Trainee: 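Next up is a structure, given as C-alpha cells.
Just follow the structure's listing: the first ligand is 1, and inside any ligand the first atom is 1. What you see is a predicted model, and the numbers here were worked out from it, not measured in a lab.
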Amino acid sequence: MSRVDGRQKVTGRATYAAEFDQPGQAHGVIVRSTVANGRIASIDGAAAERAPGVVAVLTHRNAPRLAYRAHKGVVDPEVGERLHVLQDDRVNHQGQPIALVVAETLEQANHAATLVRVTYAPETGTTDITRVEPVLPTLQKTDQGETRPPDTRRGDPEGALAAAEVKLTESYAIPRENHNPIEMHATIAAWDGDRLTLWDKTQWVNNTAAEIAAVFGIPAENIRVVSPFVGGAFGSSLRTWPHVTLAVLGARVARRPVKVMLSRREMYYGVGYRPHTVQRVALGASRDGRLAAILHEGYQETSTYEEFSEALLNASRFLHSCPNVYTRHRIAPMNVHTPTYMRAPGEASGVFALESAMDELAVALGIDPVELRLRNEPEIDEFKKLPFSSRSTRECYRAAAERFGWSRRSPEPRSMRDGRWLIGWGMATATYPMNYAPATAMARLLPDGTAEVTSAASDMGPGTWTSMTQVAAETFGLPIERVKFTLGDTRLPKAPVHGGSMTMASVGSAVQAACRKAREDALARGGANDLADAMRRIGQPVEAMGEVKPGDESQRFSMHSFGAVFVEVAVDPDLGETRARRMVGAYGAGRIVNPKTTRSQCIGGMIGGIGMALMEHAVVDARNGRVPNANFAEYAVPVHADAPPVMDVIFLEEHDPHVNPLGVKGVGEIAMVGVAPAITNAIFHATGKRIRELPVTPDKLL
Ligand code: MOS
C-alpha cells in the first residue's frame, strides 16, 4: 500500500510546524553564548530594543521566572535536570540560549539579535573528550532492575581471555553525529488566556504538553500540541528543547503568537546529537572459532547538567554465545549540551565495535565471517537467561548471503578488483530491542459505512498515517478509501513516544483493538454479518476505545529484532574514496504490516549507516566546544548519488505471538545497526586496512 499522505507531501499541502502561521504572529530569534563555560558578566539589550520592529528582548535579567516543576519523560536522562532557560547568568555550553529577540519579521529579529551586547566571565571548560576522565554514571534503577548497568560480568572474562588460543584487543571511536532531518525544528506558540497551543515538530505531542506544563507550572490539560507532519527527526524531537520554552515565553511576554524556527547551524547547538563514543573490545576464542571471552568497555560524552547514557554495550551481552563476558560503561561529563537518542541509539555505536572485532577475529582465525557467527549462535539470551521470543539470525545470514552471492567471495584482502577499483565484501550482524508501550486509539464507525480512527501518535517519516489506516481497514474489513486515520494532536487518545521502533507495535495494536471492538459492537447491535449493513441499520456512529499495554512477557522472554547486513564497497586506490555499491539487509522483525513503507524505512536506515561509516562527523573544537562544520557544506551526509544502485531488503517470515498483539517487532532502528561495521569490514577486505575510527574519510585510506 502506498502512502496515504504521499500526494499531500509531494504537492506541498502537508503542513509542518513552521507553516502554521498565526494571525498577528511575531518571530523569535535566539542569541547564543559564544563561550562554553562561565557566567554572563553583562548583557545589554537596549540597542536591540530600539531596532526597527522589535517587540521584546528577553534575557535572564528580565525574563519571567519559570516553575520548572519536576518532570521526567521516558526519554529524559534519569539523572540531572534539563537546562533552565534564561533563569540565571550561568553558561554551561557553547551555543546556550542567553537571549530571545522578538520582532515583527524574521529579518528584523535576526538583525536585532546581532545588537545584543554580551560580556562573559569565562571559566575553563571541559570540551575535549580526549582529556576527560570518564566517570561512573549514577546507578539508574527501575522496577525492571538496573536500566543501564554500568558493569556486568559473567564467568571469568579476564581469565578466559588470558587462556584463549586466539585473542585480540582493539579500540574504536565514533565522533559526534547530528540528526540533520530535512525539516528544521520549529515551534509556534499562541496563548489564549491561560490556554496554550503549540504547533511543534515533535515525536511525542503528549510529552511536549507535559514538559511545557512542568516548565511553566500550568496543567498539561491547558496545552494543546499539534504536529501532524514531521520532516524527519531520528530522535531529535523525542524531548522538548530550549527553543520550545523560548517560543512559549516569547508569546507570553509579547502577548501574541510567536514562531521560533532554528537555522541549520542552530541544529548543532540545541536539539541533541549522537554522543562521541570511545570503546575497547577484547575477544578470546578457541582455534575452531568458539568465543571464550568478550570484554567490551565504552564511554560517551554527556553534559554537565544531565547524565545521558545509551545502551552502548547491551548487544555484547547476548548477541553471540559466550560464557565469559564483561561490560563496563562510563560517561564523560563535558561543557556541551545534552546528547540524545539518535536512530538506533546505543546499538548502532556498540555493534560497530563488536562486529568490527568479530571480523578481526574471523581474519585472525582464518574462518569465514558468516561461519564464525554461525558457530557462536546462542540458544537463549545468556545475559538475561531467558529464551528469545523469536530469533531468526541464522535465517538472516543465510538469506542475505545467498542474495548477495557471498559464496563467490575470495577471502584474501585486495584479491577482488573491478578495473582500478579495489572491491571488498563485508558483513555484520544487527539487533535492536523490541519495544512496546501502553497506547490508546479510538475507532468510530459511521452510518455511511466509513470509519474514523484516531490516536495522538506521530509520523516522522516511516508512514504511520499509512500503516495505521491499513491496520484499521484490515481489522474492520473495509476498503482503505473508507477509513480515515488521524494523528499528531493532544486532543486525540494518548500514544507513546514515536521512537524506539515501537509505534507499529504499540499504536498499531491499540488501533487493532479499537477497530475490533467497534466492529464487534456494530455487528452485534446491527444484527448483521456485514458491517455496512449493520451500520445502515444502526443509523448512528458506533465508537470504541482500544487500549493496550505490555504484560509480563518481558520477564519471560528476551525480545529483539535480528538481522544481517552485507555490503560491497569499491575503493579508489589512488584517491581513497569509498563507494557502497551493493547492500543486502535481511531482517527477522516479526510481522511486517506494510512491506512497501517498511522496505523504504530499511533503505533509509541503511543509507544512514553509509553516512555513519563514511561521512558524518560533527567536529568539536576542543578549545571552546564550537562546531566549525555546523552546516551542510561541511557536515557531509549521504545524498542520492551516494546510495548504492542495488539495495535489497529481505524480511524473514516470523510469527512471534509473545511480543504484542500485532506480532510486530519494529524496524526503524535495526536498519541502521550493523551497516557501519559491514562497510568497514568490506573496506578491510578491499584494501587490507582496518579503520577503527569513523568516519572512513579518504585520508584514512591513503
Ligand atoms: Mo528514535 S532514536 O527512538 O527516534
Trainee: Do I129 and Y299 have side chains that approach each other closer than 4.5 Å (heavy atoms only, starting at C-beta)?
Mentor: yes
Trainee: Between Q300, H329, H296, which is the residue that forms a side-chain hydrogen bond (donor to acceptor under 3.5 Å, both in side chains) with Q279?
Mentor: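 Output: one option passes, namely H296.
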Trainee: Less than 3.5 Å apart, N/O on ligand 1 and N/O on the protein: could you list those pairs with the distances?
Mentor:
unit_1: ligand 1; atom_1: 3 (O); unit_2: G500; atom_2: N; d: 2.6
unit_1: ligand 1; atom_1: 3 (O); unit_2: E669; atom_2: OE2; d: 3.3
unit_1: ligand 1; atom_1: 4 (O); unit_2: Q203; atom_2: NE2; d: 2.8
unit_1: ligand 1; atom_1: 4 (O); unit_2: G235; atom_2: N; d: 3.1

Trainee: Is the shortest heavy-atom distance from the side chain of N660 to the side chain of M502 under 4.5 Å?
Mentor: no
Trainee: With the side chain counted from C-beta on, respond yes when V244 and I212 share a heavy-atom pair under 4.5 Å apart, and no when they do not.
Mentor: yes
Trainee: Under the side-chain hydrogen bond (donor to acceptor under 3.5 Å, both in side chains) test against S236, which residue among H185, H179, Q203 passes?
Mentor: H185
Trainee: For the pair F229 and Y16, name the ring-plane relationship: parallel under 30°, tilted 30 to 60°, perpendicular over 60°.
Mentor: tilted
